[in-house]
Amino acid sequence: FAWQVPLKYLTDSEAGLLTFWWRNQFPLAFTLDTSDAATVQLCRIVNDDNPVRKRLRPYADHWSGALTLESLYDGRLVL
């Protein structure tokens with residue numbers, strides 16, 4: 001499975017953290033329903049380029065971009 005997650009109004013620290021995770025290819029936990037903590041997908045950020053690349057104008061301290069997340073498994077839920 002793969003997901004596209006649009007990003008807007010990220011702070012410098014949030015953008016830096018996402019870039020760090022992307023560069024190091026850390027496994028991440030992703031859920032579509034925060035009320036159901038048992039439904040979690042393990043995934044990685046698989047963007048070809050840095051997922052957070054664009055500063056939002058007129059906000060010099062906010063960023064935008066898009067994450068491409070890909071499941072580490074074949075669609076089974078991790079419990």
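In this text the structure is predicted, and so the values were computed from the model without any measurement.
- Looking at every heavy atom in both residues, R44 comes nearest to Q25 through NE-O, 2.7 Å.
- With values rounded to the nearest 0.5 angstrom, E14 atom CD is found 8.0 Å from H62 atom NE2.
- The minimum heavy-atom distance linking L42 with A29 is given by the pair CD2-CA, 4.3 Å.
- The shortest non-hydrogen separation linking A15 to V52 is CB-CG1, 3.4 Å.
- For the residue pair D12 / W63, a side-chain donor-acceptor distance below 3.5 Å is found, with atom types taken as modelled.
- Atom CG of L7 and atom OG of S64 lie 8.0 Å apart (nearest 0.5 Å).
- Side-chain contact between V5 and L69 is present, with heavy atoms from C-beta onward closer than 4.5 Å.
- No more than 12 heavy atoms of other residues, nucleotides or ligands shown are found within 6.0 angstrom of CZ on R53.
- In this structure, the side chain of N47 engages the main chain of A66 through a donor-acceptor pair within 3.5 Å.
- The hydrophobic cluster containing F30 also contains L17, counting ILVMFWY residues as joined when their side-chain heavy atoms lie under 4.5 angstrom apart, directly or transitively.
- W22 CH2 to L67 CG: the interatomic distance, rounded to the nearest 0.5 Å, is 11.5 Å.
- Here the shortest heavy-atom pairing between S71 and W3 reads N-CZ3, 3.9 Å.
- The structure places CG of L72 at 8.5 Å from CG of L28, a figure rounded to the nearest 0.5 Å.
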